Protein chains: 2
Amino acid sequence: MSQPLSRQAEPPLNIHALKSCAQCSMHQLCLPMGLEDAEIDRLDKIIGRRRRLERDERLYSVGESFRNLYAVRFGHFKTYQVNAAGEAQITGFQMAGELLGMDAISGTHHCDAVALEDSEVCEIPFARLEDLFGEVPTLLRHFHRIMSQEITREQNVMLLLGNMRAEQRFAVFLVNLSARYATRGYAANRFQLRMSREDIGNYLGLTIESISRLLSRFKKQGWLEVDKREVTLLDPVKLKALAAGTDVCSPMA
Amino acid sequence: MSQPLSRQAEPPLNIHALKSCAQCSMHQLCLPMGLEDAEIDRLDKIIGRRRRLERDERLYSVGESFRNLYAVRFGHFKTYQVNAAGEAQITGFQMAGELLGMDAISGTHHCDAVALEDSEVCEIPFARLEDLFGEVPTLLRHFHRIMSQEITREQNVMLLLGNMRAEQRFAVFLVNLSARYATRGYAANRFQLRMSREDIGNYLGLTIESISRLLSRFKKQGWLEVDKREVTLLDPVKLKALAAGTDVCSPMA
DNA sequence: CGATAAATTGAAACAGCTCAACTGTAGTGG
DNA sequence: CCACTACAGTTGAGCTGTTTCAATTTATCG
């Protein structure tokens, strides 16, 4: 409700400027995946404005009534829940091609979503998407698959938080980011961490100090390089083994 | 008083004989929620057999291809994920009126579901449900709400596992069970734990010993009574405060 | 350039785990 | 019905991975 309305009127003017899903580099990953050209056009017609957000700007907050889903066009987001005592838990980091807001279909938003850097999303009015479901069954089926995958993703995080040690959690985190960047055509073994150490720690159920120590230790073991927020995975095989738990977890020392 | 006896006494005795959603005591909570009588009938027609499972019997396993959703008619289930190293993480406990299998819509099952006691489910062939979605928009809308709520539920577990202490986790667990039984018309403050201490510990990211100690300590504080698996909440207000985190968490001592 | 925030590192504390012994409970067969 | 076994749960003692607290160092930004 209380969103700054000043900036959003101007149309995007730079290289990111695209008008349709068909032209978007993410359409193989995003909602239009697997649709015929004609169907993509129909989807295109219902998509609202492309909304720009700057770093730390909020896309939606807890309690806001649900109206739109959002597809990340570029940039990164974090979503987090806040409990009664005011403590937050980051529930996910979202990047280009990923969908935000599925937890809100029940009526109101149950978490906050914040841009980690200057980002852009496609606003997808859910009521119109529902109309389209009736006409484009492929779209509905794919939407269900996406929601189902989100449930599975969260179950994997529960597995991580419920019974992995710090070292394994962090390895899972790195390997997961690596795979997602690879899917998007970026280098698998060299990427920028878009989130702070604090955000990583919060997401993994660890303190910022633990993340810092983990990073130092992994570096000392020769498994990776770190320069500020740029990470280079030097031994991805080892990291994958750690993540899978097939390799033993050594103490924090 | 043996456990099987007290279990049979709780649900209405004729429940096993029901043939339709309209007659099912769970239809206010389950998939048919909010449907017109005529629409419930249509849903009824696509529902497959009612499948009985005995204790420890598996409803589905990881890797099985997806065909049906399942609605719990009576009894209880647990779902769990297994990682590469063979360790399990219980991702939820399901009771009457709740839906199982939504994580599998993406194609194959990503977790195992096992009956905690003799139970019965309604088999819902998803392909036929999809057909019905096109004809009964209310059903589709409600299905989306259910999936969305599942996502939110899991985010709440992430919050629990990510930044709550043992005492608070356990309080959340008890208060949550209490609320769900209350919704189903059972006593809010007196119920059977259908799962072992080990299952509780696994779900909450704690050891069985911790659960045992927590139970003893809560008992000593006068917050609850325990007799084997029967729990009586003596101070639900205090427990809710602990769960919400508005009350301080005392050490395990 | 200085101020402020983010990240690193060390030392000490502690929550929950591991290991181990024990108790109760349910199930089985004589 | 009891003896025996197996398993679930409880309790204690010591250990340890991670947090907490504190002090620096390093980046970021006006």
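What you see is a predicted model, and the numbers here were worked out from it, not measured in a lab. Lettering follows sequence order; numbering is per chain, from 1.
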* Asked: Can you check whether A:Y186 and A:F191 have ring centres sitting under 6.0 Å from each other?
  -> no
Side chain of [X] only, heavy atoms from C-beta on: which candidate in [options] is closest?
X      : options                : result
A:S196 : D:dT18, C:dA7, C:dT9   : C:dA7
B:K228 : C:dT9, C:dT25, C:dC17  : C:dT25
B:R165 : D:dA13, D:dT19, C:dT8  : D:dT19
B:E209 : C:dA26, C:dG16, D:dT11 : D:dT11

* Describe the nucleic acid contact of B:G201 in one word from base, sugar-phosphate, nothing, applying a heavy-atom distance below 4.0 Å. => nothing
Distance check needed: [N] [atom2] versus [X] [atom1], whole Å only.
X      : N      : atom1 : atom2 : result
A:R217 : C:dT9  : CZ    : C1'   : 14 Å
A:L204 : D:dG17 : CG    : P     : 19 Å
A:I208 : D:dT20 : CD1   : C1'   : 13 Å
A:L193 : C:dA6  : CG    : P     : 15 Å

* Asked: Hey, does the side chain of B:S210 come within less than 4.0 Å of C:dC17's phosphate (OP1/OP2), counting only N and O?
  -> yes
* To do: Would you please confirm or rule out a distance under 4.0 Å between OP1 or OP2 of D:dT11 and any side-chain N or O of B:S216?
  => yes
* Mapping B:R55 and B:L206 onto DNA chain C by nearest heavy atom, which one lands closer to the 5' end? -> B:L206
* For A:F218, enumerate each residue passing the ring-ring contact (aromatic ring centres under 6.0 Å, His included) test, keeping only those at least two apart in sequence or located in another chain. => A:F170, A:W223
* **Donor-acceptor pair under 3.5 Å, B:R213 side chain vs D:dG12 base** => yes
* Would you say the side chain of A:R229 and the base of D:dT26 hold a donor-acceptor pair, judged only by whether the two atoms sit under 3.5 Å apart? -> no
* To do: Return yes if a side-chain donor-acceptor contact under 3.5 Å exists between B:E154 and B:T91, otherwise no.
  => no
* To do: State, to 0.1 Å, how close A:E87 and B:N163 come at their nearest heavy-atom pair, and which atoms those are.
  => OE1-O, 4.4 Å
* Asked: Which atoms form the tightest heavy-atom contact between A:A84 and B:A244, and what is the distance?
  -> CB-O, 3.3 Å
* 5′-ward residue of the pair A:D227/A:T207 relative to DNA chain D -> A:T207
